[in-house]
**Q** 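So that we are looking at the same thing, I have put the structure below in structure tokens.
Note on naming: letters A, B, ... go to the chains in the order of the sequence lines (proteins, then strands), and numbering restarts at 1 for each one.
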Amino acid sequence: MTSEPPEIDVAGAAHTRHPLRWVASVVLLVLAAQLVSLLVTNPNFQWDVVGSYVNAQIIGQGIATTLLLTVIAMTVGVVLGVLLAVGRLSENPVARAACGLYVWFFRGTPVLVQLVLWYNLSYLLPEISFGIPFGPEFVTADTNVLITPLLAAILGLGLNEGAYMAEIIRGGLMSVDPGQSEAAAALGMSSGRTFRRIVLPQAMRFIIPPTGSQVISMLKATSLVSVIALSDLLYTVQSIYNRTFQTIPLLIVACIWYLIITSILYVGQSFIERHYARGATRNAPQSFWAFATFRRRRPTEVTS
Amino acid sequence: MSVPMVRARAVRKRFGHLEVLKGIDLDVQPGEVVVILGPSGSGKSTFLRCVNHLETIDGGAIHVDGELIGFEVKGGKVRHLRKREITRQRREIGMVFQQFNLFPHMTVLQNVMEAPVGVRGEPRDEAKERAYALLRRVGLEDKAAAYPRQLSGGQQQRVAIARALAMRPKLMLFDEPTSALDPELVGEVLATMKSLAEDGLTMIVVTHEIGFAREVADRVVFMDGGVVVESGPPAKVLDDPSNERTKAFLSRVL
């Protein structure tokens with residue numbers, strides 16, 4: 001006969017000890033303290049200089065250029081990306097090959113090289129004309145006049161971004177169950193409507209997160225345009241420290257602003273992700289206000 | 001004799017080198033419920049998908065309500081229809097899939113309203129009223145605001161039926177509508193389909209539910225190896241099959 005085991009209640013059980021976690025935490029805290037001490041005590045940071053430039057008007061102009069360039073190049077990239085993705089998924093073999101070739105070239109060469117190439121386009125094509133291919137020309141322009149540093153930057157960054165966005169969008173479109181298009185077709189929806197109403201909204205869930213990373217990458221990639229003398233945020237601080245030799249504090253100013261903008265972008269991205277997560281989980285989607293007021297989401301009853 | 005709702009003649013379909021349909025002849029009269037039985041790989045789902053041109057047939061012809069599906073005859077020549085025309089033909093033919101294929105980013109109500117409003121251009125209020133009526137009919141009026149993933153499989157399939165009915169189809173195709181369901185949820189979907197049959201809707205149902213075939217079908221068609229092996233009233237085909245292959249299949253599933 002086995003005796004009845006004693007009555008056990010696991011509520012309030014002692015937790016397992018994790019001594020290594022304590023060691024790791026202490027090491028990290030010591031390193032953090034050293035970093036703070038370095039930041040505060042090392043006079044080479046010249047925090048007073050940082051403070052005097054951080055909201056200077058000239059820096060603001062650089063930020064405006066950086067933001068403008070990010071928005072335009074990203075817009076070019078997204079529009080181009082949609083077209084290229086649709087082209088790569090099309091039934092037309094010529095379109096598929098052309099779009100594949102585009103992606104191959106623009107992803108396979110450094111964006112810095114592409115920027116410099118567009119900037120120096122006039123060496124290759126002194127004049128740009130519009131007209132009938134191999135036929136008469138209607139408008140002819142001097143390339144040096146046409147391709148300003150801003151246009152070269154937009155072309156360089158935007159065309160490159162298009163290649164990356166094409167792959168992101170293509171991946172998103174392919175992740176949607178083919179049964180969705182079939183169901184739409186069976187209901188008599190046109191392929192255009194199916195794309196807009198059924199496939200794209202579902203693909204957005206997979207497209208938004210990597211696109212958010214692309215926006216942040218783009219914001220930082222705009223700093224490359226300093227090589228073609230376009231006065232973005234980086235070029236602006238460079239031009240100041242080339243005069244004043246306050247290199248470190250001015251680079252810190254640039255870093256602060258890059259961090260502020262990327263933080264704002266990050267918050268914006270999470271809002272967009274929430275919007276496209278509709279119906280993706282068994283939980284009812286959380287409204288904007290519920291999120292904004294930090295209300296905790298309560299799981300909804302699931303019927304089975 | 002009225003025009004048959006579906007008239008399939010010598011329908012052939014190949015996938016690569018594999019011939020899946022080897023000459024299917026089948027007529028379905030208006031108001032008739034035809035259940036297609038057969039082992040997996042017999043081509044029954046493929047045939048169903050040919051009827052609304054989700055698959056393009058390689059030979060023969062399918063007419064629905066007197067209209068040639070997917071092709072046109074012009075000046076004595078047969079040519080493929082344009083996409084726009086195919087889309088128009090599909091509006092008259094409802095389809096219910098094994099995997100439901102509800103639109104997960106839309107609520108139940110939006111799923112049902114999407115095609116009538118977006119494709120037929122029905123006014124929103126009218127479509128909404130009808131969507132509620134259809135949801136009431138499948139017993140899911142209280143789930144109008146839910147998203148598909150919040151529903152059970154049986155409920156999702158009933159929404160899918162309501163969604164197809166919203167286009168007022170003259171023909172409904174059911175492609176193994178209960179095969180993806182837990183056993184205890186099969187009954188609610190079959191009951192819904194039975195009520196549609198009683199209302200006189202023309203239906204072609206591919207299924208493994210012999211009980212449904214016996215109870216609801218006007219005619220049972222047995223397919224094997226890409227051909228129709230046997231066809232007739234359920235009592236005849238199910239209880240007294242004349243073909244060896246039908247006998248072998250039924251002895252395995254009954």
**Q** For Arg205(A), which atoms come within 4.5 Å of any heavy atom of chain B: side chain, backbone, both, or neither?
**A**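 It is neither, since no heavy atom gets under 4.5 Å.
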**Q** Please name the pair of heavy atoms, one in Ala183(A) and one in Phe103(B), separated by the smallest distance, quoted to 0.1 Å.
**A**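 Smallest interatomic distance, heavy atoms only, reads CB-CE2, 4.1 Å.
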**Q** Crowded around His208(B) NE2? As in, over 12 foreign heavy atoms under 6.0 Å?
**A**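 Enclosed: over 12 neighbouring heavy atoms sit under 6.0 Å from NE2 of His208(B).
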**Q** Ring pair (Phe, Tyr, Trp, His ring centres under 6.0 Å): which pairs involve residues 78-109 of chain A, sequence neighbours left out?
**A**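 Of all non-adjacent pairs touching residues 78-109 of chain A, those that pass ring pair (Phe, Tyr, Trp, His ring centres under 6.0 Å) are Tyr102(A)-Phe106(A).
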**Q** Could you tell me which portion of Glu92(B) (side chain, backbone, both or neither) has an atom closer than 4.5 angstrom to a non-hydrogen atom of chain A?
**A**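 Interface part for Glu92(B): neither.
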**Q** Is any side-chain heavy atom of Arg90(B) less than 4.5 Å from a side-chain heavy atom of Leu187(A)?
**A** no
**Q** Atom CE of Met106(B) and atom CD of Gln202(A): how far apart are they, to the nearest 0.5 Å?
**A**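 Spacing of CE (Met106(B)) from CD (Gln202(A)) equals 8.0 Å.
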**Q** More than 12 heavy atoms of other residues, nucleotides or ligands under 6.0 Å from CG of Asn92(A): is that the case?
**A** yes
**Q** Highest number of heavy-atom pairs under 4.5 Å with chain A: which of His53(B), Met95(B), Arg88(B), Glu114(B)?
**A** Glu114(B)
**Q** Under the 3.5 angstrom rule, does the side chain of Glu182(A) hit a backbone N or O of Asn101(B) as a donor-acceptor pair?
**A** no
**Q** Are there over 12 heavy-atom neighbours, none belonging to Glu129(B), within less than 6.0 Å of that residue's CD?
**A** no
**Q** Could you check whether atom NZ of Lys83(B) has more than 12 heavy atoms from other residues, nucleotides or ligands sitting under 6.0 Å from it?
**A**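 Counting neighbours around NZ of Lys83(B), 12 or fewer heavy atoms of other residues, nucleotides or ligands fall under 6.0 Å, so no.
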**Q** Check each atom of Phe97(B) against the heavy atoms of chain A and say whether the ones under 4.5 Å are side chain, backbone, both or neither.
**A**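 The answer is the side chain of Phe97(B).
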**Q** Check the surroundings of atom CZ in Arg14(B): do more than 12 heavy atoms from other residues, nucleotides or ligands lie under 6.0 Å from it?
**A**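 It does not: Arg14(B) CZ has 12 such atoms or fewer within range.
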**Q** So which part of Arg49(B) gets closer than 4.5 Å to some heavy atom of chain A, the side chain, the backbone, both or neither?
**A**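 It is the side chain, since no backbone atom gets that close.
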**Q** Considering only heavy atoms, which portion of Ile93(B) lies under 4.5 Å from any heavy atom of chain A: side chain, backbone, both, or neither?
**A** backbone
**Q** With distance as the sole test, does His105(B) use its side chain to make a donor-acceptor pair with the main-chain N or O of Val199(A) at under 3.5 Å?
**A**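 No.
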**Q** When only pairs under 4.5 Å are counted, which of Ala115(B), Gly153(B), Pro104(B) shares the most heavy-atom pairs with chain A?
**A**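 Most heavy-atom pairs within the cutoff with chain A belong to Pro104(B).
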**Q** Using the test side-chain hydrogen bond (donor to acceptor under 3.5 Å, both in side chains), find all partners of Glu126(B) that sit at least two apart in sequence or belong to another chain.
**A**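 Scan of Glu126(B) (side-chain hydrogen bond (donor to acceptor under 3.5 Å, both in side chains), adjacent residues dropped) gives none.
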**Q** Ignoring hydrogens, what is the shortest heavy-atom contact between Ser190(A) and Thr87(B)? Give both atom names and the distance.
**A** N-CG2, 3.9 Å
**Q** Would you say that more than 12 heavy atoms from the other residues, nucleotides or ligands in this model lie under 6.0 Å from the CZ of Phe15(B), or not?
**A** yes
**Q** Under 4.5 Å heavy-atom distance to chain A, tell me which part of Leu102(B) shows up: side chain, backbone, both or neither.
**A**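 Contact with chain A involves the backbone of Leu102(B) alone.
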